[in-house]
Amino acid sequence: MFYISEIIEDISYNVKSQEFIDALYKLCEKYPNLKMESDVILAESYMEK
């Protein structure tokens with residue numbers, strides 16, 4: 001999962017899908033110990049660019 005968190009921003013920028021962001025937030029809720037919410041917030045900002 002840590003590898004995925006490193007490329008989330010790139011995927012968000014290229015896909016620009018709110019469904020993708022929503023799925024990431026669901027993962028944050030399901031696996032809070034991964035502490036990737038800040039990565040998802042950053043990815044969401046990349047999606048808006």
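Both backbone and side-chain heavy atoms feed into the values below; hydrogens, waters and symmetry mates do not. Keep in mind that this is a model prediction, so the values were computed, not measured.
- Scanning all heavy atoms of the two residues, the minimum distance from Y46 to Y13 falls at O-CD1, 3.6 Å.
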Would you list the atom pairs, donor with acceptor, under 3.5 Å between side chains in residues 21-28 and any protein atom, with sequence neighbours excluded?
unit_1 : atom_1 : unit_2 : atom_2 : d
D22    : OD1    : Q18    : NE2    : 3.0
Y25    : OH     : E44    : OE1    : 2.9

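- Looking at every heavy atom in both residues, F20 comes nearest to I8 through CE2-O, 4.1 Å.
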